[in-house]
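Everything below concerns the one structure shown next.
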Amino acid sequence: MNYKQEFANALEQILDGVLSLEEILSMIEKPKFNHMGDSAFPCFQLAKIYRQSPKTISEEITQKVNVPLFEKVEATGGYVNVFLNKKYVTKQTLELIFSEKERYGSFHVGCGKTITIDYSSPNIAKPFSMGHLRSTVIGNSLSLIAEKHGYHVIRINHLGDWGTQFGKLIVAYKKWGDEEKVKRSPIKELLALYVKFHEEAEKDPILNDLGREAFKLLENGDKEAMDLWEWFRDESLKEFMKIYDLLGITFDSYHGEAFYNDKMEQVVDLLTEKGLLVESDGANVVQLENFPPCLIKKRDGTTLYATRDLAAAIYRQDNYHFDKSIYVVGNEQTLHFKQLFAVLEKLGFSWQKGMTHVPFGMILRDGKKMSTRKGKVVLLENVIKEAIQLALANIEEKNPNLIDKEEIAKQVGVGAIIFHDLKNGRMNDIEFSLEDMLRFEGETGPYVQYTHARAAALLRKGNYVRETDYKIELHDEEAWQIIKELLSFPEAIERAMLGLDPSQIAKCLLDLSKAFNKYYASVKILEESHKQDRLSLVFAVKTVLKEGLRLLGIQAPEQM
RNA sequence: GUCCCAGUAGCUCAGCAGGAUAGAGCAACAGCCUUCUAAGCUGUGGGUCGGGAGUUCGAAUCUCUCCUGGGACGCCA
């Protein structure tokens with residue numbers, strides 16, 4: 001049921017070809033205020049064509065609109081305002097949700113198509129930072145949203161497990177490392193070594209050369225270097241898995257950069273074959289028209305990030321035959337991806353058109369980028385644990401008899417952190433604030449979860465039974481506002497996919513929650529006379545909240 | 001210096017293929033639990049939409065310019 005479409009159809013007939021259906025659809029808007037109706041058509045553009053005032057035109061159109069779906073049509077201030085037939089739309093919407101349930105808001109544009117999503121991708125031997133959290137939760141949500149659109153999704157954790165940094169780390173470990181200490185707390189100790197390396201390198205730049213040499217050994221398969229690398233990688237992965245478990249996130253592939261080590265020669269050969277590789281200051285680069293050249297090989301013959309990303313892109317196309325391939329990586333790497341796509345285009349791979357970089361703003365500390373090299377990072381694991389503790393304290397205070405407190409606390413604490421990251425447009429930089437992340441009131445994950453738990457409690461206490469024939473008599477204005485929010489859920493999902501922006505869904509859930517809590521406060525839902533009708537609405541709200549949270553990667557507890 | 005992103009209420013943000021009186025949340029203040037979980041609801045105050053020009057019947061939204069913050073710009077990733 002699409003009332004906007006019906007409105008547009010009616011307008012097209014009335015306007016008799018003056019505007020196309022598409023033009024009309026793009027002009028129809030949501031009135032600013034509820035008393036102005038549910039849908040509006042502005043007549044200002046028509047004023048020129050008809051040489052009449054918008055007011056006159058809107059009045060004339062209003063006379064002619066005759067759609068059973070609309071209970072009232074009104075001309076105000078140059079707009080044609082339309083009021084939906086509440087009873088009919090309410091019944092239709094609820095019935096649709098009852099029949100579709102969690103499939104409500106699904107699309108099939110992606111059916112039969114494959115999409116690879118590259119996200120999270122933390123760096124081995126470094127702590128899981130806040131920046132990686134963003135990539136992780138955005139990527140996870142986009143994966144779920146893509147599946148909701150019918151896509152076959154391949155989740156790829158492109159681990160940062162290769163590069164000069166490992167040369168540096170190997171040098172640092174051999175100089176100052178202590179096996180026992182690293183075994184006790186690997187990430188902490190490796191980070192300390194990494195930081196020390198950069199401190200010392202400031203004073204003695206020779207160290208940087210040693211680091212590059214060590215990486216060269218690694219790339220050539222030197223036994224000792226490989227053993228160390230493998231050890232660092234295993235320990236790091238163990239730590240990362242703890243975090244993924246807490247967040248409830250999985251991947252289809254953990255092929256990191258190192259995986260492409262033996263596939264890069266082919267890329268270099270291919271570039272050479274096509275005559276794209278040129279020498280410049282001893283290095284090998286691909287010259288690009290609109291961007292700075294893309295570095296493929298360093299003076300010492302070792303590879304770079306771009307080389308590995310090229311190999312990875314080709315590998316993914318060969319193995320997954322993706323239609324779309326998206327990279328959820330911070331906006332500071334925008335140029336890198338522009339170069340990457342440009343090189344692929346020069347290679348003649350038309351599939352590169354399906355590739356998109358999904359950038360996001362940085363987590364700042366005191367207005368500046370957090371620097372791993374200087375050890376200025378906030379450990380995600382600690383933040384998550386703190387959030388869970390706080391959620392537990394809240395449960396003890398508000399609902400001490402709750403069973404399975406630990407599990408619920410985990411769901412709520414993690415929900416708060418994920419929602420905090422997803423509720424705003426992804427391009428905004430975020431100033432790190434533990435206080436904001438651990439907020440459970442207002443526009444937060446726990447607020448939405450709480451609303452869901454409230455709905456669940458009502459259904460339990462009211463012994464809700466789904467009737468086969470829904471009369472559904474809901475006359476309250478508050479109920480109508482809920483219906484409108486339910487109606488906008490599929491639109492939000494579509495916008496989220498189009499803009500690769502999960503915040504669209506988060507915002508929709510907040511609006512729905514607000515509308516429902518308003519209803520809850522003003523209407524006695526379990527009042528016997530209207531109980532089943534009202535619970536039908538509650539059931540629909542609960543279904544949509546749960547599904548919406550799921551699409552964000554957040555659990556929806558039945559009680560909290 | 002060049003390019004990218006951002007600038008809206010005290011704070012965090014929404015609104016941006018132009019449209020009606022610029023909206024939330026937080027913080028502040030004032031109310032609402034003998035009745036469905038108060039992680040909630042209601043109300044009050046709070047704004048030259050960074051500045052300036054332009055396009056338009058109409059600009060927070062589009063164009064130009066300037067200012068501010070952040071980031072990227074060849075051997076890191």
Side-chain angles (χ1 to χ4, degrees), chain A residues 26-27 29 31-33 36 40 42-45 47-48 53-54 76-79 81 121 123 160 162-165 168 208 211-212 257 280-285 290-300 302-306 308-309 329-336 338 359 361-362 364 367-369 372-373 391 394-395 397-399 402 412 416 420 423-425 427-431 433 435-436 439-451 453-458 460-462 503 507 510-511 513-514 517-527 531 534 538 559-560:
Chain A
S26 73
M27 284 166 76
E29 56 189 273
K32 211 155 203 172
F33 303 94
M36 291 168 169
C43 299
F44 307 96
Q45 281 185 37
K48 241 184 267 172
S53 75
T76 19
Y79 285 86
N81 289 334
S121 312
N123 294 322
W162 207 244
T164 309
Q165 52 177 329
K168 293 177 179 176
N208 285 321
R212 276 190 283 268
E257 298 183 50
S280 168
D281 292 339
N284 288 312
V285 308
N290 304 315
F291 310 110
C294 181
L295 259 82
I296 302 296
K297 262 188 153 180
K298 289 187 281 194
R299 203 173 294 147
D300 65 5
T302 55
T303 60
L304 285 139
Y305 184 39
R308 293 187 281 278
D309 263 0
V329 181
N331 63 6
E332 70 269 31
Q333 291 191 33
T334 299
L335 178 62
H336 164 74
K338 282 181 179 166
M362 283 179 297
L364 304 177
K368 300 259 186 257
K369 187 181 176 180
T372 314
R373 287 192 306 262
N394 271 282
I395 292 170
E397 186 197 323
K398 297 166 202 280
N399 198 357
L402 186 66
V412 173
H420 173 260
K423 75 171 165 180
N424 293 324
M427 285 309 285
N428 300 342
D429 285 343
I430 298 180
E431 173 68 28
S433 160
E435 201 189 332
D436 284 352
R439 186 163 279 144
F440 291 177
E441 289 161 19
E443 298 178 323
T444 64
Y447 171 75
V448 178
Q449 289 174 315
Y450 178 73
T451 310
R454 263 187 160 176
L458 288 168
R460 267 195 315 273
K461 295 201 172 162
S503 77
K507 280 164 201 145
L510 284 172
D511 290 340
S513 296
K514 282 181 205 173
N517 281 317
K518 210 172 262 200
Y519 184 66
Y520 185 93
S522 67
V523 175
K524 176 85 180 161
I525 294 167
L526 293 181
E527 195 179 65
K531 199 172 87 173
R534 288 175 178 169
V538 174
Q559 298 182 53
M560 62 187 269

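Below, all heavy atoms of this structure are taken into account, side chains as well, without hydrogens, waters or symmetry copies. Letters A, B, ... mirror the listed sequences (proteins, then strands); counts begin at 1.
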For A:Asn428 and B:A14, is the shortest distance between a side-chain N/O and OP1 or OP2 below 4.0 Å?
yes
Roughly how many Å is it from NZ in A:Lys297 to C1' in B:C75, rounded to a whole number?
13 Å
Exam field: side chain A:Asn81 to backbone A:Ala40, donor-acceptor pair closer than 3.5 Å
no
Step through the shown structure and confirm whether more than 12 heavy atoms of other residues, nucleotides or ligands are within 6.0 Å of CD on A:Gln45.
no
Look at all strands and tell whether A:Asp281 reaches a base, only sugar-phosphate, or nothing, counting heavy atoms closer than 4.0 Å.
base
Nearest-neighbour nucleotide for the A:Pro293 side chain, B:C76, B:G74, B:C57 considered
B:G74
Of the candidate nucleotides B:G74, B:A72, B:C76, which contains the atom at the shortest distance from the side chain of A:Leu304?
B:C76
If I take atom NZ in residue A:Lys507 and atom P in nucleotide B:U12, what distance separates them, rounded to the nearest angstrom?
17 Å
Mind checking A:Gln45 for me? I need base, sugar-phosphate or nothing, with any heavy atom below 4.0 Å counting as a touch.
base
Looking across every strand, which nucleic acid part, if any, lies under 4.0 Å from A:Tyr447 by heavy atom: base, sugar-phosphate, or nothing?
sugar-phosphate
Using whole Å, report how far CD of A:Gln333 lies from C1' of B:C5.
15 Å
Minimum-distance nucleotide (side-chain atoms of A:Asn424 versus B:A14, B:A39, B:C5):
B:A14
Just call it for A:Phe291: base, sugar-phosphate, or nothing, with non-hydrogen atoms closer than 4.0 Å on any strand.
nothing
Heavy atoms from C-beta onward define the side chain here; which of B:U42, B:A20, B:C57 lies closest to that of A:Asn81?
B:A20
Of the nucleotides B:G70, B:A39, B:A20, which one has an atom closest to the side chain of A:Pro446?
B:A39
Does the base of B:A38 carry an N or O that pairs as donor and acceptor with the side chain of A:Asn517 under 3.5 Å?
no
Closest approach to the side chain of A:Arg308, judged atom by atom: which nucleotide of B:G74, B:A77, B:A20 is it?
B:A77
Please round to the nearest 0.5 Å and tell me the distance separating atom NZ of A:Lys531 and atom NZ of A:Lys524.
11.0 Å
Just call it for A:Thr334: base, sugar-phosphate, or nothing, with non-hydrogen atoms closer than 4.0 Å on any strand.
nothing
Could you measure between the two C1' atoms, the one in B:U63 and the one in B:A17, and give it in whole Å?
15 Å
Atom C1', compared across B:C13 and B:A27: separation rounded to whole Å
14 Å
Hey, does the side chain of A:Lys461 come within less than 4.0 Å of B:U37's phosphate (OP1/OP2), counting only N and O?
yes
For a quick check of understanding: with a heavy-atom distance under 4.0 Å over all strands, which category does A:Gly163 fall into, base, sugar-phosphate or nothing?
sugar-phosphate
N/O (side chain, A:Arg454) to phosphate O (OP1/OP2, B:A39) under 4.0 Å
no
Over how many whole Å does the gap from A:His420 atom NE2 to B:U12 atom C1' extend?
8 Å
When A:Gly425 and A:Glu332 are each assigned the nearest nucleotide of RNA chain B, the 5'-most assignment goes to A:Gly425
Which nucleotide, if any, forms a Watson-Crick or G-U wobble pair with B:A6, using both distances under 3.5 Å?
B:U68
Under 4.0 angstrom, heavy atoms only, what part of the nucleic acid is A:Ala453 near: base, sugar-phosphate, or nothing?
base
Could you please name the partner base of B:U56, counting Watson-Crick and G-U wobble pairs only when both distances are under 3.5 Å?
none
Please check the phosphate of B:C26 (OP1 and OP2 only) for any side-chain N or O of A:Arg439 closer than 4.0 Å.
no
How is A:Arg299 classified with respect to the nucleic acid when contacts are heavy atoms under 4.0 Å: base, sugar-phosphate, or nothing?
base
N/O donor-acceptor pair under 3.5 Å between A:Lys423 side chain and A:Glu443 backbone
yes
Please check this pair: side chain of A:Thr302 against backbone of A:Lys298, looking for a donor-acceptor N/O pair closer than 3.5 Å.
no
Categorize A:Glu431 for me: base, sugar-phosphate, or nothing, with a 4.0 angstrom heavy-atom threshold over every strand shown.
nothing
Atom NZ of residue position A:Lys518 - does it have more than 12 heavy atoms of other residues, nucleotides or ligands inside 6.0 Å?
no
Tell me the interatomic distance from A:Phe440, atom CZ, to B:A39, atom C1', rounded to whole angstroms.
9 Å
Now, which nucleotide makes the Watson-Crick or G-U wobble pair with B:U42, with each of the two distances under 3.5 Å?
B:A30
With syn defined as a glycosidic torsion within 90 degrees of 0 and anti otherwise, which applies to B:C11?
anti
Expressed as a whole number of angstroms, how long is the span from A:Ile395:CD1 to B:A39:P?
12 Å
Using a heavy-atom cut-off of under 4.0 Å over every strand shown, decide if A:Pro31 touches base, sugar-phosphate, or nothing.
base
Out of B:A72, B:A77, B:C36, which has the shortest distance to the side chain of A:Leu526?
B:C36
Should A:Thr164 be listed as having a side-chain N or O under 4.0 Å from OP1 or OP2 of B:C76?
yes
Taking NZ from A:Lys298 and P from B:C76, how many angstroms apart are they, rounded to a whole number?
4 Å
Syn or anti for B:A17 (syn when the glycosidic angle lies within 90° of 0)
syn
Distance between the P atoms of B:A24 and B:G15, in whole angstroms?
15 Å
Please measure how far the C1' atom in B:C49 lies from the corresponding atom in B:A59, and state the result in whole Å.
11 Å
Look at the side-chain N and O atoms of A:Lys514 and state whether any lies under 4.0 Å from the OP1 or OP2 oxygen of B:A24.
no
Phosphate-side-chain proximity, A:Lys32 and B:A20, N/O vs OP1/OP2 below 4.0 Å:
yes
Taking OP1 and OP2 of B:A39, is either one under 4.0 Å from a side-chain nitrogen or oxygen of A:Lys398?
yes
Polar side-chain contact A:Ser280-B:G74 base: donor and acceptor under 3.5 Å:
yes
Examine B:C41: is either OP1 or OP2 under 4.0 Å from a nitrogen or oxygen in the side chain of A:Tyr519? Give yes or no.
no
So what does A:Val448 hit on the nucleic acid, given a heavy-atom distance under 4.0 Å: a base, only sugar-phosphate, or nothing?
nothing
With heavy atoms under 4.0 Å as the rule, sort A:Leu458 into base, sugar-phosphate or nothing.
base
How long is the line joining CD of A:Glu29 and C1' of B:G18, in whole Å?
10 Å
Determine the contact category for A:Gly78: base if any of its heavy atoms lies under 4.0 Å from a base atom, sugar-phosphate if only primed atoms, P, OP1 or OP2 are that close, otherwise nothing.
nothing
Would you say B:U12 has OP1 or OP2 under 4.0 Å from some side-chain N or O of A:Lys423?
no
Whom does B:C16 pair with, Watson-Crick or G-U wobble, provided both distances fall under 3.5 Å?
none
Say we look at B:U21 and B:G47: how far apart would their C1' atoms be, to the nearest angstrom?
14 Å
Applying a 4.0 Å non-hydrogen cut-off, can you work out what A:Met36 is touching in the nucleic acid: base, sugar-phosphate, or nothing?
base
Using modelled atom types only, decide if a donor and an acceptor are shared between the side chain of A:Arg299 and the backbone of A:Asp281 within a distance under 3.5 Å.
yes
Without swapping roles, check the side chain of A:Asn284 against the backbone of A:Ile296 for a donor-acceptor pair under 3.5 Å.
no
Tell me which of A:Ser26 and A:Glu397 sits closer to the 5' end of RNA chain B, going by the nucleotide each one is nearest to.
A:Ser26
Would you tell me whether A:Ser503 and A:Lys507 have side-chain atoms, one donor and one acceptor, within less than 3.5 Å of each other?
yes
Assigned partner base of B:G1, Watson-Crick or wobble definition, under 3.5 Å
B:C73
